[in-house]
Amino acid sequence: MAQLIRRLSSKFIRKRHLPDVVERFVEDDFGVTSAYRHGYPNQPSCFAFDPVSRLLAIGTKDGFITLYGRPGVEQRFAHEQQVAVTQIIFLPASKQLITVCGSISTVFLWNLVDETGHVFPFLL
């Protein structure tokens with residue numbers, strides 16, 4: 001049986017001889033960028049959960065805030081300066097979020113609704 005398979009495969013599979021290709025790569029041929037981000041943010045420094053809107057907010061040491069809403073939906077915000085977020089507070093009965101940045105001793109208020117009053121999709 002094995003000999004039959006070898007004979008049939010040698011008849012139908014042609015062996016091709018490809019020329020040797022020498023490729024020279026330079027550093028400019030490669031560019032590493034982030035195509036997709038998955039999981040929790042890098043260097044988390046604090047978090048908060050709002051049981052009413054069912055949102056989880058995670059602050060990082062480099063000034064980013066990631067909001068997780070319904071399954072598969074997330075939104076990422078960044079402070080103007082790259083500072084550590086030390087505390088996150090959801091304001092009750094409103095669509096607002098307060099972040100405290102320790103190194104610059106500043107409080108930021110984030111509105112989770114747009115200018116027209118529509119709620120962002122991750123809150124629905």
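Qualifying side chain to side chain donor-acceptor pair (under 3.5 Å) partners for Gln96, counting only residues two or more places apart in sequence or in other chains: Asn111. In this view, Phe47 and Leu56, Ile58 satisfy the side chain to side chain contact (heavy atoms under 4.5 Å, CB included) rule, not counting sequence neighbours.
Atoms OH and OG1, on Tyr68 and Thr66 in that order, are 5.0 Å from each other to the nearest 0.5 Å. Put simply, NZ on Lys61 and OG1 on Thr86 are 12.0 Å apart, with the number rounded to the nearest 0.5 Å.
Minimum heavy-atom separation, Cys46 to Gln87: SG-N, 3.7 Å. Heavy-atom minimum distance, Phe90 versus Ala48: CE1-O, 3.6 Å. Nearest heavy-atom pair across Leu67 and Ala57 is CD2-CB, 3.4 Å.
Residue Leu97 is grouped with residue Val85 when hydrophobic side chains (ILVMFWY) are merged at heavy-atom distances under 4.5 angstrom, including chains of intermediate members.
In terms of modelled atom types and a separation under 3.5 Å, the side chain of Ser45 and the main chain of Gly59 share a donor-acceptor contact.
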Practice task
Apply the test side-chain contact (heavy atoms from CB on, under 4.5 Å) to residues Leu55 and Leu112: give CA-CA distance (whole Å), side-chain angles for both, the deciding distance (0.1 Å), then the verdict.
Solution key: CA-CA 11 Å; Leu55 287 176; Leu112 303 179; 4.1 Å; yes
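Within the structure, ring-ring contact (aromatic ring centres under 6.0 Å, His included) pairs that include any residue of residues 91-110 comprise Phe77-Trp110, His79-Phe108, His79-Trp110 (at least two apart or interchain).
The closest side-chain heavy-atom distance from Ile65 to Thr99 is below 4.5 Å.
Leu91 shares a hydrophobic cluster with Ile89, Ile98, Val100, Val107, Leu109; the chain of contacts runs through ILVMFWY side chains whose heavy atoms sit under 4.5 Å apart.
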